[in-house]
**Q** 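Below is the structure I would like to discuss, written out as structure tokens.
Just so it is clear, the values below take in all heavy atoms, side chains as well, and ignore hydrogens, waters and symmetry mates.
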Amino acid sequence: MPLSTKYKLDSPYTAFYVVIAVALLSIFILYDNQFNKKVEGNTGIFLPFRSVGDRGNIYFIDKEDEKHLAATTHFGYNLNISPLEIEDAEEVYEHLSEEIDIDRKSFFKSAEKSEKDEYEIIERDIPESIQEKIQARIDQYGLKGVWLEPFKKREYINGSLAAHTLGFVSVDEEQATRGQYGVENIFDDVLSSANRVPKTAATTVLRQLGELPPENDRPSAGNVTLTIDINVQRQLEEQLRRIQYNWGAQKVGGIVMDPNDGAIVAIGAVPSFNPNTFGQVTDYSVFNNPIVEDVYEMGSVFKALTAAIGIDSGRVSLRDSYTDYGQVIVDGEIISNYDSRGRGPNTSIQTILSHSLNTGAVFMLQKIGIGTYKDYIDEFRFDSITQVDLPKEIAGLVENLNSNREIEFATASFGQGIAVTPIAAARAFATLANGGFLVQPYVTKDIEQPQVGGVISGRNFTRERKRIFNTSATDKVTALLTGVYDRGILGGSLRNTQYSIAAKTGTAQLVDPQTGKYAENKFLHSFFGYLPASKPKHLIFLFAVDPKTKFASTSLSHPFAALANYIISYYAIPPDR
């Protein structure tokens, strides 16, 4: 690591001191590496006290805008013994057991370790209430080979809650803490102090020589407050776990977002992990956030966008209808409804959405024209990232629409053939709820940076707000989707008599990675909706990968309704009916 020249001293002995200091630094880094192995510094449980810099807090909020601690740095002590220094193991055990409950068998097993064992950790994270008592007894009776070792650890107060959003902290090869995944990663420079050099005897010498800035000159660690509402997050994750348990899905994810400005109220996926014990994870793929790192063909939820494109372009009218034969041929390919059944003549736009008819989506697409359709799809920027403040986001796959083949656009009109991330899909559906604007989703409410003396509000960040649809068009689509929720999904059994809710389900075939073709019995389920439909404040998007049931209306409808009803009650939203 290059040394700073800003603080170099002008002395004929400087070079000599630097050589000595660098040698010491190498020795102490080696010692720290060995120390890390003993305290499991790379497991996410305990980090060595000497190598963990200050790190700021991460907060959730609630409906009253009160902060709730999500991640912080915990200071504590481990109780250690050195088998080589203990003179009377029985006496040591009797003294310690007076202050703390220690398993006798495990204690003597540790005390009888071979001479190669420098020390053993007897108890981790000793409660503050007995730390002083243990230290007093060690001092009073001169217990050799027994001491309290200070440590710091990154603590996630709510366990696995919002784990993919938070990420975790680990120790790198230079013995500095680094944010991995989530907010810990993307705001690593804000949350950590600027000094990445471990505090050892060697680095102390380097600072005295002026080869490193004084420790108290480094910027203070900052705090990050998220837009995540802790209570809505809990409800979302509860529903995700139920979906996975009930239907055996490989992955389940969801987003609750304010469609008007893109603030994410809750976001999560299962399977998940506990960032407090990330080192125990054996399948590292669980760390990946499918909300931003995976793309899916979303299925019939895209029919809502197709309807909006048709209405906004003036090519489709609510008065339009067609004769549904249950299938249609495009470029020599047969496209069928999910049940292969035709609805006959005078099939309306409302029926297309309520019955989720593929032939109806193609009917609208053909009225729109592939050129106009592509122009609108390009406006959603599915081929670019949304720039949500979460790491490792990827862009969608929409290359099929670079073709002039009508079949590519026909399948896209009902959500097959193009793949997008869940966050990009949610952003697109938000245009229907907010009057036609493409907004930028975000999870950062504000950043507190002591070194600049203030709080930077996430709402003041530069975020593009781009109009795609006219409000008159989205109002009409909202009315259609309200009809879908009231009368279409599960036969209208979810209808809320006091609140209007606009929604649409989606079911898409998954591609078999072995054959590259659509699998017969593997599906992606999706469901989006917003409420209250008359003046939407919350958009909910859910998805499930390969659930053991065919239709999204079966797997996701009740979880969506449960979330919607919770949000109505939690935020005390006035009825609009």
**Q** Test side-chain hydrogen bond (donor to acceptor under 3.5 Å, both in side chains) on Thr359 and Asn337; report intermediate values, then the result.
**A** CA-CA 6 Å; Thr359 57; Asn337 291 331; 3.1 Å; yes

**Q** Looking at Asp389, Asp261, Thr386, which one forms a side chain to side chain donor-acceptor pair (under 3.5 Å) with Tyr442?
**A**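 Among the candidates, only Asp261 passes.
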
**Q** Hey, do the aromatic rings of Tyr181 and Phe278 have their centres closer than 6.0 Å?
**A**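 Not close enough - the centres of the two rings lie 6.0 Å or further apart.
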
**Q** Which residues pass the salt bridge (charged side-chain N to carboxylate O under 4.0 Å, His left out) test with Lys476, not counting sequence neighbours?
**A**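 By the salt bridge (charged side-chain N to carboxylate O under 4.0 Å, His left out) rule, Lys476 matches no residue at all.
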
**Q** When you check the side-chain N and O atoms of Lys303 and Ser300, is any donor under 3.5 Å from an acceptor?
**A**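 There is such a pair between these side chains.
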
**Q** Would you check if there is a donor-acceptor pair between the side chains of Ser500 and Tyr485 at a distance under 3.5 Å?
**A**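 Short answer, no.
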
**Q** What distance do Ile186 atom CD1 and Leu191 atom CG have between them, rounded to the nearest 0.5 Å?
**A**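 Going from CD1 on Ile186 over to CG on Leu191, the span is 11.5 Å.
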
**Q** Got a sec, which residues hit salt bridge (charged side-chain N to carboxylate O under 4.0 Å, His left out) with Glu379, two or more places apart in sequence or on another chain?
**A**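 Residues passing salt bridge (charged side-chain N to carboxylate O under 4.0 Å, His left out) with Glu379: Lys466.
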
**Q** Salt bridge (Lys or Arg N to Asp or Glu O under 4.0 Å) between Arg405 and Glu408: does it pass, once the steps are laid out?
**A** CA-CA 6 Å; Arg405 298 177 65 223; Glu408 305 293 357; 2.8 Å; yes

**Q** Just checking, is any N or O donor in the side chain of Tyr373 or Asp375 under 3.5 Å from an acceptor N or O on the other one?
**A**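 Per modelled atom types, Tyr373 and Asp375 side chains form no pair under 3.5 Å.
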
**Q** Could you tell me how the ring of His164 sits relative to the ring of Phe273: parallel (under 30°), tilted (30 to 60°) or perpendicular (over 60°)?
**A**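 The arrangement is perpendicular - the two ring planes meet at more than 60°.
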
**Q** Can you tell whether the side chains of Arg577 and Asp486 come within less than 4.0 Å, N to carboxylate O?
**A**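 Asp486 and Arg577: salt-bridged.
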
**Q** Looking at Phe60, does the NZ or CZ of Lys67 lie under 6.0 angstrom from its six-membered ring centre and within 45 degrees of the ring axis?
**A**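 Ring-cation test returns no.
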
**Q** How many angstroms lie between CG in Leu481 and CG in Leu353, if you round to the nearest 0.5 Å?
**A**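 Result: 6.0 Å between the selected atoms.
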
**Q** List for me each residue that meets salt bridge (charged side-chain N to carboxylate O under 4.0 Å, His left out) alongside Lys392, sequence neighbours excluded, and say none if there are none.
**A**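 Checked Lys392 against salt bridge (charged side-chain N to carboxylate O under 4.0 Å, His left out); zero matches.
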
**Q** Indicate yes or no for a side-chain donor-acceptor contact from Asn400 to the backbone of Gln416 under 3.5 Å, with no hydrogens or angles considered.
**A**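 Such a contact is absent between Asn400 side chain and Gln416 backbone.
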
